[in-house]
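Structure first, commentary second.
In each ligand, atom 1 is the first atom listed, and ligand 1 is the first ligand listed. All heavy atoms count here, side chains included; hydrogens, waters and symmetry mates do not.
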Amino acid sequence: MFRFAPSPTGDMHIGNLKVAILNYILAKQNDEKFIIRIEDTDKERNIEGKDREILEILDKFDIKYDNVIYQSHNLKFHQQFASQLLMERKAFACFCSEEELERKREEAKKRKIAYRYDGTCEKLSDAEVLNNEKPFVVRIKKPTHPISFKDEIKGEFTFEPDDIDSFVILRRDKTPTYNFACAIDDMLNDISFVIRGEDHISNTPKQILIRNYIGYDKEIKYAHLPIILNKEGKKMSKRDKASSVKWLLEEGFLPEAITNYLILLGNKTPKEIFTLKEAIEWFDIKNLSKSSAKFDLDKLRFLNREHIKMLDSLNLAKRIGYHDKDIGDLAKLYTEEASTLKEIKEKISKIFSSKTPPLEFKENFDKIVESIKKAPHFEEFDDFKKYITETTSLKGKNLFKPLRIALTGEEHGPNLSDIYAHIKNYLPEIVK
Ligand code: GLU
């Protein structure tokens with residue numbers, strides 16, 4: 001079983017989408033199930049509606065899943081396993097106050113050493129615990145030996161007991177922390193392979209420790225994806241608009257092109273332009289680079305143009321709000337100068353809007369408009385052009401510039417004869 005485990009705490013980041021896509025590809029390749037687990041146990045950070053938004057995005061990207069699980073529904077299991085660990089003395093109640101812990105953290109900082117939990121409450125006897133009325137968190141005992149795991153992309157990692165530390169598994173309100181809920185749920189969901197961002201590498205030994213203590217011995221494979229960098233070589237954050245999947249979609253990037261780009265980024269692929277279906281045939285996690293790659297919007301714009309050209313024309317027309325194959329064909333003519341659906345839509349809506357020519361073309365423009373209004377239907381551009389030339393006595397630049405403005409609202413653009421082929425049935429709506 002594979003899983004994608006987003007937290008409903010903000011707009012989906014492209015790094016997260018990449019995680020979802022790769023999990024989906026590997027689940028398909030291995031003929032295993034794929035679930036979505038909404039990690040909603042941190043109530044303070046949850047944002048209403050973000051879970052639905054995540055599922056809608058997955059739909060748009062054609063990422064199919066077998067089930068959706070809300071982590072908060074597993075609370076009783078998280079608490080049961082925490083009780084088990086407490087009884088087996090693999091975890092302990094910790095009454096240290098936030099202020100006390102903060103003071104110790106500050107002290108460690110002053111002494112320039114890494115802060116670690118000092119074990120104060122680990123030594124409490126049962127009687128001392130039972131007689132203490134203060135609220136407590138539950139901490140897991142740090143391991144006695146180092147914990148190692150092999151990452152499918154980055155290789156071998158080993159963490160010392162002190163790096164893992166006696167960390168909190170249940171908060172004071174008895175809700176699980178991320179590491180605990182995640183480790184338990186990966187076990188309950190029978191996950192075989194975890195693919196996630198590299199910011200979770202230091203969490204992995206903690207999650208392995210939890211399952212070791214519980215006595216779960218199925219080995220889970222791990223692959224941690226390098227973070228995606230911005231132009232400056234820094235981690236792409238909310239300040240980089242292109243880090244938000246929602247923003248990219250609003251800008252008119254096709255899900256197909258974004259998918260292509262995210263699979264291509266930091267990877268060795270047999271080709272540059274491909275569909276998700278094709279990638280399932282040849283994707284190999286071993287070809288992913290260990291190090292981070294920079295996000296390049298121009299490259300995405302290029303791929304977007306290519307995917308726009310690959311779309312069926314009626315489908316393309318629908319994506320920009322029309323229902324006619326001709327508009328899709330017309331849209332494709334604009335992929336030379338426009339890269340996104342938004343930019344193409346602007347071009348098409350200029351064609352259907354009322355036009356105001358620059359003063360220098362005004363007189364000839366008016367003549368041409370009058371002539372088009374009276375013209376019969378012509379199948380061929382040459383016949384149409386001949387009619388306009390004859391009825392207006394205009395030719396050369398005097399004809400073509402204002403004619404182009406009358407038909408497209410712009411002074412430059414694709415060949416008029418190519419455009420004409422797709423707008424000839426709309427002339428009364430275009431020239432009003
Ligand atoms: N909710 C975590 C995140 O969004 C999931 C990490 C994981 O896949 O375990 O980063």
Side-chain angles (χ1 to χ4, degrees), residues 1-27 32-47 49-55 57-58 61 63 65 67-75 77-78 147 149 151-154 157 159 164 167-169 171 175-211 216 218-228 235-238 243-246 262 285 288 292:
M1 180 94 75
F2 284 72
R3 64 18 166 225
F4 172 52
S7 307
T9 52
D11 280 359
M12 198 199 275
H13 188 279
I14 47 165
N16 270 32
L17 177 61
K18 181 165 179 162
V19 166
I21 294 171
L22 299 198
N23 270 297
Y24 173 71
I25 292 178
L26 264 91
E32 283 195 40
K33 291 218 156 100
F34 176 44
I35 55 166
I36 309 301
R37 186 170 74 223
I38 306 287
E39 300 211 321
D40 59 345
T41 49
D42 192 347
K43 289 193 208 81
E44 301 202 337
R45 295 186 56 224
N46 287 347
I47 299 178
K50 285 292 162 192
D51 53 337
R52 252 176 296 118
E53 208 173 280
I54 292 167
L55 299 176
I57 288 180
L58 296 179
F61 282 78
I63 297 176
Y65 43 84
N67 204 357
V68 181
I69 292 171
Y70 284 79
Q71 187 157 58
S72 57
H73 297 175
N74 282 350
L75 180 68
F77 299 117
H78 304 140
I147 290 186
F149 69 92
D151 184 274
E152 298 295 317
I153 301 170
K154 292 170 175 277
F157 283 93
F159 287 81
I164 297 168
F167 60 94
V168 177
I169 57 172
R171 302 185 186 98
T175 59
T177 55
Y178 156 68
N179 274 313
F180 194 60
C182 180
I184 300 293
D185 290 353
D186 283 342
M187 174 178 88
L188 295 178
N189 300 143
D190 193 22
I191 299 302
S192 45
F193 197 154
V194 168
I195 303 171
R196 60 184 171 194
E198 69 178 347
D199 43 335
H200 287 291
I201 288 179
S202 62
N203 289 326
T204 299
K206 296 184 175 176
Q207 297 176 12
I208 293 175
L209 173 72
I210 292 166
R211 286 190 299 265
Y216 184 75
K218 170 170 170 166
E219 199 201 325
I220 298 180
K221 280 198 201 177
Y222 282 93
H224 291 89
L225 303 180
I227 53 168
I228 301 175
K235 180 178 175 169
M236 269 188 114
S237 71
K238 281 205 188 90
S243 70
S244 155
V245 178
K246 204 164 132 193
L262 291 177
I285 204 154
L288 290 185
S292 299

Mark up the atoms of ligand 1 that fall under 4.0 Å of a heavy atom belonging to E39, in ascending order. 1 (N), 2 (C), 5 (C)
Q207 heavy atom under 4.0 Å from ligand 1: no
Ligand 1 atoms in contact with S7 (distance to a heavy atom under 4.0 Å): 1 (N), 2 (C), 3 (C), 4 (O)
Any side-chain donor-acceptor pair under 3.5 Å between H78 and T41? no
Would you say ligand 1 has an N or O under 3.5 Å from any N or O of Y178? yes
Which residues share a ring-ring contact (aromatic ring centres under 6.0 Å, His included) with Y70, sequence neighbours left out: H73
Test your reading of the structure: does C182 have an N or O sitting under 3.5 Å from an N or O of ligand 1? no
Quick check: does N16 get an N/O under 3.5 Å from an N/O on ligand 1? no
For atom 10 (O) of ligand 1, what is the closest protein heavy atom, and at what distance to 0.1 Å? H200 NE2, 2.8 Å
Where do F149 and F157 land on the ring pair (Phe, Tyr, Trp, His ring centres under 6.0 Å) test, with the steps shown first? CA-CA 6 Å; F149 69 92; F157 283 93; 5.4 Å; yes
Please check if any side-chain donor atom of N16 sits under 3.5 Å from a side-chain acceptor atom of H13, or the reverse. no
Please report the C-alpha distance between F2 and F193 in whole Å, then the side-chain angles of each, then the deciding distance to 0.1 Å, and finally whether the ring pair (Phe, Tyr, Trp, His ring centres under 6.0 Å) criterion is met. CA-CA 6 Å; F2 284 72; F193 197 154; 5.6 Å; yes
To the nearest 0.1 Å, how far is atom 5 (C) of ligand 1 from its closest protein heavy atom, and which atom is that? A5 O, 3.0 Å
Specify the protein heavy atom at minimum distance from atom 8 (O) of ligand 1: its residue, its atom name, and the distance to 0.1 Å. R3 NH1, 2.6 Å
By number and element, which atoms of ligand 1 are closer than 4.0 Å to a non-hydrogen atom of R196? 7 (C), 8 (O), 9 (O)
State, yes or no, whether a side-chain contact exists between D186 and R37 at a heavy-atom distance under 4.5 Å. yes
Residues D40 and Q71: side-chain donor-acceptor under 3.5 angstrom: no
